[in-house]
Amino acid sequence: MSLKKIIWKRFSRNTLAVGGAVVIACIIATALLAPYIAPYGPTHIDIDNVLSSPSARHPLGTDELGRDVLSRMIYGSRVSLEVGFIAMGIAVSIGVIIGSAAGFYGGRVDSILMRFVDVMLAFPSFVLILAVIAILEPSIVTIMAVIGVTGWMDVARLVRAEFLSLKERDFVLAAKSSGAGNLRLIFKEILPNALSPVFIAATFGVAGAILIESSLSFLGIGVQPPDPSWGNILSSGKDYIETAWWLSVFPGMAILVTVLSYNLVGEGLRDALDPRLWQAESFEKIEKPGQAAAKILTE
Amino acid sequence: MFAFIGKRLAQMVPLLFGITIITFAVIHLAPGSPVEAETAMSLKVSAQARENLKKLYGLDKPVYVQYGQWLGRFVRLDFGKSFVDGRDVIKKIAERIPVTLAINILSLFLIIVVAIPLGVISATKQYSLFDKISTVFVFVGFSTPTFWLALLLMIFFGVQLGILPISGIQRIDVSGMDPAARVLDWGRHLLLPVFVSAFGGIAGLSRYSRSSMLEVIRQDYIRTARAKGLPEKIVIRRHALRNALLPVVTILGLAVPGLIGGGVIFETIFAIPGMGQLYYQSVMARDYPTIMGIMVIFAVLTLLGNLLADVSYGLVDPRIRVSGRK
């Protein structure tokens, strides 16, 4: 059986992970097809139905301007998708570059880069993000950049660790002795073999980025109205907490389901991609005492 | 042991430097100087006044000189004056600390009391219904936006049932109440914020205690204890639990950044006058001296949390002291 088949078999056996993947596929489809699915435009105002509770006309109710919450949520899925993937892409790119440089070159390069990682990790990530947002104009582009630029450290550490163990392996030494240059060694020989932990981290990274975007938009420093995002609908929910519960309940559920799906897929990938786990009957048998949990606890 | 702690402390020094450099750099990357931020509101400020302000902040000097001066004042705990109300930043921060500290201690307590039993029971009954339910809870817990949880609780307990207050830390007429009623009122106000603050940590720590317990249960000395005929209760309580919980307790220091970051959000939602809310307000007002002050303090707290985790781990596991922990 080929490696890909083994991985696929292990992943597809994990019902929760497959369920998560299906949900993500649905959300992506919703985002792409938003204009065809949404009953109204995202900024369409129904002046006769301001803050109306869920009804046949507006299945999830309307907001304080009479806009349809369901439609805004459907369009809002585009925001979380964009932010999730682009922010994660930025973080992974930076992390891979810094991690491979540190791991490959070692020595002084390594210690300088890793001290930089330590310093960045000393700031609680949300605090650092807010500080940068404070000096820039809030917009979706700003958020993606800021989440990416403040979220690469874990990837860098993972990639560095992979490089440290891979660079002494026979196939790398063989390539080296046959005259491969450093760049070739890094990108063609080592990096392709170091990608599975990056892949797993990236999946969790999308989930994290969506959570941060929604928090920022909720606080009013993320996606700006009238553009819809799940977080800024919740922001109206807070303003009308006494009267309009539907503004608070539904968008939050959308965030929860989306983030949960990415986390389940990430967990499934971790199970499927790590060969050390293949022999074990269950994941726990060799899991070091809750490293993953510890990481989440500290975020 | 002291050598170990000393080494850890020494390693913190370059990190502290890095923290101040990043903090300084972030704020100075800002388009527009703090002077403009301060004078943008009033058109009457003359060019001369602007120059004077620039001199006051040292903005007419090269960047490295500015950094040096700022750092020099900073280590003497002179964080400058707030742009918003002209008060000393250090005083503004100091008066916010007790509330934030109280909430964080209470929520750490809640995390320990709920998460450890949850994780331990899950591990001893691996794959049971209880274990499955708590695993689901953990996953949902990781994925729940805390501000949304806060909103739901406010709607349910504050609006629908009307039994808990949804903002602030005390009633307006608190001065007329006797001490017992005052404490009760305080507790009612803090119930929801503490729960929200602890929520993510409960999920994380229960998972951690579960894996730690699972690891210990597989050890040979547990098999020995069972083999010599000890009742399961004693095997779990006396042999397994003690060994499993040590690493769990040491990890609490690492929860600091999570609590701080969460605090910014929930203190804002619940209108709690703590450091998190002050940080959010300063960000909104672009009050750079306060932002910088709080950033550095938060980062130092994070480092101290790491140090605490390292040191307690060293105390628990003598092997660590020799080799250093990575």
Kindly give the heavy-atom pair with the smallest separation between B:Tyr279 and A:Val127, and that separation in Å.
-> OH-O, 2.7 Å

For A:Pro124 and B:Gly261, work out which heavy atoms get closest and say how close.
-> CB-N, 4.4 Å

Under a 4.5 Å heavy-atom cut-off, does chain A meet the side chain of [X], its backbone, both or neither?
X	answer
B:Val264	side chain
B:Leu151	both
B:Val216	neither
B:Leu152	side chain
B:Leu301	neither
B:Ile291	side chain
B:Phe139	both
B:Met213	neither

Donor-acceptor pair, B:Ser143 side chain versus A:Leu256 backbone, under 3.5 Å?
-> no

Quick check: does any side chain N or O of B:Tyr280 sit under 3.5 Å from a backbone N or O of A:Leu219, one acting as donor and the other as acceptor?
-> yes

